[in-house]
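For this chain, numbers begin at 1 and follow the sequence in order. Note that ligands are numbered from 1 as they come in the structure, with each ligand's atoms numbered from 1 the same way.
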Amino acid sequence: MFEAKIYKDRRATLIRLMKEKGQKGIIVFLGNASAPCQFINNEYKWRQDSTWLYYFGIDEPLYAAVIDLDEGTQTVFADDVALEDIIWTGPTPSVAEVAATSGIDRTDRYCKLDWAVSEAIIKGRPVHAIKPTRYYNRMKAADLGIDAPSEVLSRAIIQMRLIKEDREIELMDKACSLGQQMHVIARKGLRPGRMEQEIVGELEGFAIGRGWGMSFPTILTQHGEIFHNHSHGSAIELGKLIVIDAGLESNEHYASDFTRTYPAGGKFTPRQRDIYSIVYECNETAFAMTSPGVAYRDIHIAVTRIILDRMRTLGLVRGDVDAMVETGVGGLFLPHGLGHNIGLDAHDMEDLCEDWVGYDPDQKRSDLPGLHSLRMARKLVAGNVVTDEPGIYFIPELIGKWKTEGKAKDFVNYDKLEEYFGFGGIRLEDDVLVTREGARHLGNERLPIAPDEVEKAMEEDASGR
Ligand code: GLY
């Protein structure tokens with residue numbers, strides 16, 4: 001947690017932004033409640049809501065707050081811990097003490113939140129709240145009579161959180177450095193015959209030992225064509241590619257999110273190297289283009305262009321690259337976007353509304369395959385932190401559907417493409433800070449990424465065993 005002044009200043013900025021938009025009424029913030037797992041006292045691992053963390057920093061369950069835009073008051077609602085709870089949890093600071101760490105001296109019991117909100121509703125005052133992420137808070141918001149998220153509030157929060165403060169960048173560098181160390185441990189554990197699950201255990205053990213844990217469920221798979229494959233029940237097989245997409249969340253709750261793709265056994269086959277080299281070129285090109293004033297949407301399109309041009313050289317597509325881009329052929333190979341915002345969440349603020357976070361007001365989400373899935377399209381601004389994660393995938397179901405529908409049949413060489421069934425997929429991801437001059441990779445030491453670097457690192461891993 002930062003010092004109280006940071007949270008007071010952030011709330012003051014939010015209030016100013018709301019007032020500049022002519023807003024009145026109250027803003028309601030709901031911190032998360034703890035969630036029972038099998039029975040009431042056996043809970044899922046505690047994680048606070050990220051917007052709450054940003055404005056209040058209080059990392060305790062069942063806290064809420066109301067900012068009154070008209071009266072200028074700020075109140076924290078929570079309950080002091082009763083003796084019967086202290087027996088289980090040990091002594092905890094009072095709500096007044098906890099609220100003071102966030103720079104707030106008005107507190108009330110949690111049940112009084114209902115009064116504060118219903119009083120505002122009865123008086124016809126606007127009640128602003130964001131869309132709650134967790135189901136408990138969705139029910140709580142419904143109970144309170146808050147029926148829709150406030151766009152003006154959500155956009156003001158996004159405006160602030162999209163530009164990371166220096167103190168946040170320092171913590172993100174730390175999360176990324178630890179995330180990179182975690183990835184090195186995973187890479188060193190790769191050997192034909194080992195179970196995927198064993199490597200996941202080593203990787204996640206590091207995250208729990210050095211940070212809060214994982215910033216999202218680990219993807220470690222020899223089926224890279226399945227984007228979020230969380231099943232880890234196979235043994236590593238020589239000749240396969242292993243995609244490791246994993247992020248460590250720091251104790252301060254900042255996320256990292258890296259992906260590397262490795263050849264089982266440490267050497268790429270010629271076909272794997274061909275495709276890998278294209279994805280690598282895309283990652284490097286995207287990074288080189290990342291700069292204030294450039295729309296991430298244009299970088300996604302530039303990457304698509306590279307993929308299609310190189311696929312044409314391999315004989316998998318034919319025709320004019322511009323025409324293929326305009327028809328959405330890139331979406332056959334790269335069906336997801338180039339990247340997303342990252343910060344307190346791996347997909348930062350997407351719970352507030354993906355379009356509000358990832359698109360400038362004058363940008364419209366495309367209908368084209370691939371580009372449609374782009375989560376971050378905005379014109380970049382210094383202080384943005386985004387992932388750079390191009391990929392190429394051979395997804396039999398998708399290719400089969402396009403072929404059956406005769407989609408892009410003038411461009412796609414389906415017969416040749418079918419030779420790639422079983423190849424899997426490749427994704428290469430870094431976390432990138434947009435600076436005033438351009439961009440820099442976050443973290444201490446970039447994970448090996450060029451094909452030769454990867455093979456060399458894996459050779460050293462093997463000789464160090
Ligand atoms: N790296 C996982 C994701 O972006 O969803």
Side-chain angles (χ1 to χ4, degrees), residues 47 50 133 161-162 172 175-176 178-184 186-187 196 199-200 203-204 206-207 211-232 241-250 253-262 279 282-283 286-287 290 296-297 299-300 303 331 333-355 357-359 370-378 384-393 395 424-433 441-443 446-447 449:
R47 174 56 157 86
S50 294
T133 311
R161 285 180 57 192
L162 268 181
M172 291 201 71
C176 288
L178 289 170
Q180 287 161 336
Q181 290 174 43
M182 178 182 79
H183 266 261
V184 169
R187 190 195 68 224
E196 295 164 343
I199 303 156
V200 172
L203 175 149
E204 296 195 354
F206 181 88
W212 177 84
M214 305 307 293
S215 53
F216 57 90
T218 301
I219 299 158
L220 188 150
T221 180
Q222 296 167 91
H223 278 283
E225 78 281 10
I226 305 171
F227 296 160
H228 281 189
N229 188 356
H230 300 303
S231 75
H232 307 129
L241 289 168
I242 306 139
V243 172
I244 304 182
D245 181 348
L248 176 147
E249 178 171 321
S250 67
H253 300 299
Y254 282 88
S256 63
D257 181 359
F258 294 102
T259 309
R260 288 294 184 266
T261 304
Y262 299 107
V279 181
C282 290
N283 175 294
F287 178 70
T290 298
Y296 217 49
R297 182 181 188 280
I299 305 182
H300 174 101
V303 158
F333 304 103
L334 175 60
H336 63 70
L338 175 64
H340 50 83
N341 290 285
I342 177 166
L344 280 164
D345 285 317
H347 282 218
D348 211 25
M349 296 174 283
E350 285 182 7
D351 50 340
L352 302 187
C353 173
E354 213 179 286
D355 277 4
V357 174
Y359 286 74
L371 194 52
H372 174 73
S373 302
L374 180 62
R375 312 171 101 94
M376 171 55 173
R378 280 180 183 267
N384 290 160
V385 182
V386 292
T387 63
D388 167 10
E389 52 176 312
I392 294 180
Y393 311 90
I395 308 170
I426 294 176
R427 181 164 60 256
L428 297 172
E429 176 180 23
D430 293 309
D431 299 339
V432 175
L433 169 70
H441 289 114
L442 284 181
R446 193 175 179 209
L447 293 161
I449 186 165

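The distance criterion of under 3.5 Å between nitrogen or oxygen atoms is not met by Thr259 with respect to ligand 1.
Residue Asp245 holds the heavy atom nearest to atom 1 (N) of ligand 1 of all those in Thr387, Asp245, Ile342.
Asp430 has a carboxylate O that lies under 4.0 Å from a charged side-chain N of Arg260, or vice versa, which qualifies the two as a salt bridge.
The part of Phe216 lying near ligand 1 is the side chain, judged by heavy-atom distances below 4.0 Å.
When each atom of ligand 1 is checked for a heavy atom of His228 under 4.0 Å away, the hits are 2 (C), 3 (C), 5 (O). If you number the atoms of ligand 1 from 1 as listed, the ones under 4.0 Å from a heavy atom of Asp257 come out as 1 (N), 2 (C), 4 (O).
Between His228 and Phe216, the ring center distance fails the sub-6.0 Å criterion.
Classification of the His230-His232 ring pair by plane angle, with boundaries at 30° and 60°, yields perpendicular. The aromatic rings of His183 and Phe258 sit perpendicular, their planes meeting at an angle over 60°, well past the 30° parallel limit.
Using a 3.5 Å distance cut-off with no hydrogens or angles, the side chains of Tyr359 and Arg297 do not pair a donor with an acceptor.
The single protein non-hydrogen atom nearest to atom 3 (C) of ligand 1 is His347 NE2, 3.1 Å, given as residue, atom name and distance.
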